[in-house]
Enquirer: 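Just dropping this structure here.
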Amino acid sequence: LWPWLLASSGLSALVQLVTLPFFPDSPSYLLIQKGNEEACRKAIRKLWGEGDHQAEIDDIMKEKVAMTSTKTLRVLEVIKEQSLRWQLYVLMTVMTTLQLCGINAIYFYSFEIFHTAKFEEYLIPYVSLGVGLCECLSSILCSTLIDRFGRKVLLWGGYTLMCSVLALLTMTLSLQHQFFWMHYFSVILIFLFVVFYGIGP
């Protein structure tokens, strides 16, 4: 089953390969990069139907003017630029915490935790698949929540809940030899951690 499951990821790539030639180019790309206003209008009509789309074209033209008046900075220039310093700090902090948040450790040790929880050997791959499915569904949920609550709230909330879950997971793993039900609690915490990871970071 696993070879078929792994091969199924190529199905979406195949669908894209077949259908993408029939999609119109981005109107912004056609007008800003190519400078082809007629092709831009045609793409807009194909995307949004017939009608007066002059307001959208004017917005793209404003974006083009803004881009031409903005200087493109090299990496060293971005680092040296004082006005971009705080944005750079925020970006570095978010990327660092994303790498060190513990999700890789959870995926690495989850198989062993499921095994300790006395799951049948043949069930463990499916439980691991459920963990991945949880991350996928929580990421979809995040896309609906981000407009309502904002990125900052989801980041703070996600990391706070993930820290709490990791603290509880450490406790349950330490006590798993004293209480038989701790194994199952650890499994629940793994699923919760993955959900909070998908919603937050």
Side-chain angles (χ1 to χ4, degrees), residues 9-10 12-48 52-108 132 134-167 193-201:
S9 61
S12 60
L14 183 63
V15 169
Q16 288 184 38
L17 189 66
V18 172
T19 58
L20 276 178
F22 300 100
F23 283 89
D25 287 320
S26 164
S28 300
Y29 166 77
L30 291 170
L31 191 56
I32 296 172
Q33 301 293 330
K34 296 292 187 180
N36 191 338
E37 188 173 335
E38 185 54 41
C40 172
R41 290 180 184 275
K42 187 178 177 182
I44 287 175
R45 283 195 298 271
K46 194 170 183 180
L47 286 168
W48 298 325
D52 184 19
H53 301 292
Q54 189 58 43
E56 286 82 2
I57 292 172
D58 291 341
D59 286 339
I60 297 172
M61 289 300 291
K62 286 176 187 174
E63 184 182 344
K64 183 178 181 180
V65 170
M67 286 179 66
T68 52
S69 62
T70 304
K71 181 187 174 186
T72 304
L73 299 175
R74 293 186 176 88
V75 175
L76 285 176
E77 291 174 332
V78 170
I79 294 171
K80 292 175 183 177
E81 183 64 43
Q82 289 283 350
S83 62
L84 301 175
R85 193 64 51 84
W86 275 109
Q87 291 93 320
L88 192 62
Y89 288 155
V90 169
L91 183 64
M92 287 172 63
T93 303
V94 170
M95 289 296 106
T96 304
T97 52
L98 191 61
Q99 292 301 315
L100 302 176
C101 70
I103 189 67
N104 293 325
I106 289 290
Y107 276 122
F108 187 77
C134 265
E135 183 180 353
C136 180
L137 293 174
S138 59
S139 299
I140 295 169
L141 178 62
C142 175
S143 64
T144 61
L145 293 176
I146 196 165
D147 290 330
R148 185 172 179 182
F149 296 105
R151 188 70 179 151
K152 193 174 181 180
V153 172
L154 290 182
L155 275 174
W156 276 106
Y159 279 124
T160 303
L161 291 169
M162 286 164 63
C163 286
S164 305
V165 169
L166 283 178
F193 183 87
V194 171
V195 168
F196 295 146
Y197 172 79
I199 291 174

Enquirer: Excluding sequence neighbours, so at least two apart, what forms side-chain hydrogen bond (donor to acceptor under 3.5 Å, both in side chains) with Ser83?
Expert: Glu81
Enquirer: Gln16: what forms a side-chain hydrogen bond (donor to acceptor under 3.5 Å, both in side chains) with it, not counting sequence neighbours?
Expert: none
Enquirer: What residues, two or more places apart in sequence or in another chain, satisfy side-chain hydrogen bond (donor to acceptor under 3.5 Å, both in side chains) together with Asp147?
Expert: none
Enquirer: Please tabulate, for side-chain N and O atoms in residues 137-145, each donor-acceptor pair with protein atoms closer than 3.5 Å (sequence neighbours left out).
Expert:
residue: Ser138; atom: OG; partner: Cys134; partner atom: O; Å: 2.9
residue: Ser138; atom: OG; partner: Glu135; partner atom: O; Å: 2.9
residue: Ser139; atom: OG; partner: Glu135; partner atom: O; Å: 2.8
residue: Ser143; atom: OG; partner: Ile140; partner atom: O; Å: 2.5
residue: Thr144; atom: OG1; partner: Leu141; partner atom: O; Å: 2.5

Enquirer: Measure across Phe193 and Leu166 and return the closest heavy-atom pair with its distance rounded to 0.1 Å.
Expert: CE1-CG, 3.5 Å
Enquirer: Give, for atom CG of Leu30 and atom CD1 of Ile44, the distance between the pair rounded to the nearest 0.5 Å.
Expert: 9.0 Å
Enquirer: Could you give the distance from CG (Leu31) to CD (Gln33), rounded to the nearest 0.5 Å?
Expert: 10.0 Å
Enquirer: When you look at Phe23 and Lys46, which way does the side-chain contact (heavy atoms from CB on, under 4.5 Å) test go after all the steps?
Expert: CA-CA 9 Å; Phe23 283 89; Lys46 194 170 183 180; over 6 Å; no
Enquirer: Donor-acceptor pair, distance only, cut-off 3.5 Å: does the side chain of Glu63 make one with the backbone of Ile60?
Expert: no
Enquirer: How would you list, by chain and number, every residue that makes a salt bridge (Lys or Arg N to Asp or Glu O under 4.0 Å) with Glu37, sequence neighbours excluded?
Expert: Arg41
Enquirer: Starting at CG of Leu14, measure out to OG of Ser9 and round the result to the nearest 0.5 Å.
Expert: 11.5 Å
Enquirer: Let's go through Tyr107 and Val194 carefully: what are the C-alpha distance in whole Å and the side-chain angles of both, what is the deciding distance for side-chain contact (heavy atoms from CB on, under 4.5 Å) to 0.1 Å, and is it a yes or a no?
Expert: CA-CA 9 Å; Tyr107 276 122; Val194 171; 4.0 Å; yes
Enquirer: Could you give the distance from CG (Leu88) to NZ (Lys80), rounded to the nearest 0.5 Å?
Expert: 13.5 Å
Enquirer: Please table the atom pairs, donor to acceptor, closer than 3.5 Å between any side-chain atom in residues 90-100 and protein atoms at least two apart or in another chain.
Expert:
residue: Thr93; atom: OG1; partner: Tyr89; partner atom: O; Å: 2.7
residue: Thr96; atom: OG1; partner: Met92; partner atom: O; Å: 2.7
residue: Thr97; atom: OG1; partner: Thr93; partner atom: O; Å: 2.8
residue: Thr97; atom: OG1; partner: Val94; partner atom: O; Å: 2.9
residue: Thr97; atom: OG1; partner: Tyr159; partner atom: OH; Å: 3.0

Enquirer: Could you report the tightest heavy-atom contact between Tyr197 and Cys101, atom names first, then the distance?
Expert: CE1-SG, 3.7 Å
Enquirer: Quick one: NZ on Lys152 to CD1 on Ile146, what's the gap to the nearest 0.5 Å?
Expert: 14.0 Å
Enquirer: Starting from the C-alpha separation in whole Å, work towards a yes-or-no answer on side-chain contact (heavy atoms from CB on, under 4.5 Å) for Leu84 and Ile79.
Expert: CA-CA 8 Å; Leu84 301 175; Ile79 294 171; over 6 Å; no
Enquirer: Supply the atom-to-atom distance Asn36 CG to Tyr29 OH, rounded to the nearest 0.5 angstrom.
Expert: 10.5 Å
